[in-house]
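Quick caveat, the model's predicted, so the values are computed rather than measured. Throughout, a chain's letter reflects where its sequence line sits, starting with A, and its residues are numbered from 1.
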Amino acid sequence: MLDPHFIRENPERVRTAIRQKNSGSVELVDRVLELDESYRACLTELQQNQSDANTVSASIGELMRAGKQEAAGEAKSRAAELKVNIKEKHAEAKTISGELNALLLEIPNIPHDSVPEGKGADDNQVVFETNDKPAFEFEPVPHWDLLDKHNLVDFDRGSKVTGAGFPFYLGQGARLQRALVAFFLDLAVKEGGYQEIQPPYVVNSGSATGTGQLPDKEDQMYELARDDLFLIPTAEVPITNFFRDEIIDEDDLPVKFCAYTPCFRREAGSYGKDVRGLNRIHQFDKVELVQFVHPDLSYEALEGLRADAERALDRLKLPYRRLLMCTGEMGFTQAKKYDLEVWSAGQKKWLEVSSISNYEAYQARRMKIRYRPKGAVKPTILHTLNGSGLALPRIVAALLENNQQDDRTIRIPEVLVPYTGFDVIG
RNA sequence: GGAGAGGUGGGUGAGUGGCUGAAACCACUGGUUUGCUAAACCAGCGUACUCUCAACAGGGUACCGAGGGUUCGAAUCCCUCCCUCUCCGCCA
């Protein structure tokens, strides 16, 4: 969330952000300002009463010890009056702050100045594109045909056992998954300087709120209602919450974590053309990169994170492009976001395989993640970033489609062979 | 799942109703001393919110796992929940 002080002092900036992100109504800001003011007024009164009550209480102790029972009795009744008032004000303050907090969670992050304005996908800027789309002397087929031909994935049995979008990976298909995960993790650890961790795959509601899945996006998560827990839609959730409510030494920044996890997404409301094959499934594997950084360095870190994700694509020799997302296409927690899309020769389209974002202080403020600047200054909210490095299914799709040969066998990229143990599928 | 014990500041740990935002020690920061290092000594050292203030700074409130309750007054008593540990059961 945004700093309430910031909203108080820059309401117009916040209204602009709401319009740009097309998320929520600008009246939110006015209600927040109203509530903020009445909250503080209420608080002032409450605290004054508490202060008086404390003084009276202290005097009672003294009077009792001095044996002045009568005076003590009078003071007690005085304190009782104050108490009633305190209780009222306390309840009032709590109500107001509850409402205020709920609203604050619905105000989106402010886009960075370098983010292009725009409403839809057409306004995203392609800021980089490799020029190595593969050429074919035959008509390349979509990956689902290849999966089928080589028996790499079994969608039907996945549907029987669980439901649509929960495929089984078989044989070389399963092996390829494991190879990619290991390759991505090794790359992140050895060349990116990330520390590998294994987070829980299930989180509580506090964590889901911290990263911004709650409120409002619960429809995208699988919920374990009995235990009030959620299956993670991305490793971002448990990893970023790692430091929730903590203060980190400045010397320990930046902290860079990488992790492999399965991701679970309900994908409510998405049907049709984009869901074919591995394009969009409910459970998928992903290696995620997360960074906790000094606020002054977060945009540098964003480019670094982006380069880390692109390195994996380069090594796999996958053609890709980088999109700078416009204001309207960003999530409401993000300040700046790149998407990386790989070219899939069979479908002849770009597939999103990574989303790399700087959240600035937005998530960290929700989670109270701070660092202590050197030189006795107060703890300060740090900045969080994350990006996929990378998401598997579409990488697999592109890999199969781009590397298919006229006999329908599939070449495995050189860097992956030590991991797969085979250099061709089929 | 059953029984018991416990959760105090960055750490260890004292504290069973008012003088405790919290002893002591360690860590940390600054200073003195020192040829250097070490040691010793002195001082400082929680967080959030809020009010006054241009600022420096100062005042107030809250916080001893979380939330309620009792009381004029709670780290301290009561209730609920969460977590940790020990034993038993179950189990990869």
Comparing A:A58 with A:R40, nearest RNA chain B nucleotide closer to 5' gives the residue A:A58
If you pin A:K94 and A:Q48 to their nearest nucleotides in RNA chain B, which one's is more 5'? A:Q48
Phosphate contact (B:G60 OP1 or OP2) by A:N54 side-chain N/O below 4.0 Å: no
A:K83 has its side chain closest, among B:G60, B:U71, B:A62, to B:U71
Checking side chain to side chain contact (heavy atoms under 4.5 Å, CB included) for the pair A:R370/A:I248: CA distance, chi angles, key distance, verdict? CA-CA 6 Å; A:R370 293 168 288 177; A:I248 303 172; over 6 Å; no
Is the phosphate of B:G18 approached by A:S57 (side-chain N or O, under 4.0 Å from OP1 or OP2)? no
Is A:R8 touching bases, backbone alone, or none of the nucleic acid, heavy atoms closer than 4.0 Å? sugar-phosphate
Counting any heavy atom closer than 4.0 Å, what does A:L43 reach on the DNA or RNA strands: base, sugar-phosphate only, or nothing? sugar-phosphate
Whole-Å C1' distance, B:C36 and B:C49: 48 Å
Would you indicate what A:H5 reaches in the nucleic acid, counting non-hydrogen atoms under 4.0 angstrom: base, sugar-phosphate, or nothing? sugar-phosphate
For the P atoms, the ones on B:G18 and on B:U12, what distance do you get once it is rounded to whole angstrom? 26 Å
For A:G118, is there any backbone N or O sitting under 3.5 Å from a side-chain donor or acceptor partner on A:T327? yes
Phosphate-side-chain proximity, A:R370 and B:A48, N/O vs OP1/OP2 below 4.0 Å: yes
If you compare every side-chain N and O of A:N204 against the phosphate oxygens of B:C82 (OP1, OP2), does one of them come in below 4.0 Å? no
Students often mix this up, so state it plainly: with edges at 30° and 60°, are the rings of A:F257 and A:F243 parallel, tilted or perpendicular? parallel
For B:C87, give its Watson-Crick or G-U wobble partner with both distances under 3.5 Å, or none. B:G2
Among B:G69, B:C72, B:U61, the nucleotide that comes nearest once only the side chain of A:A79 is considered: B:C72
Between the main-chain N or O of A:L278 and the side-chain N or O of A:H143, is there a donor-acceptor pair closer than 3.5 Å? yes
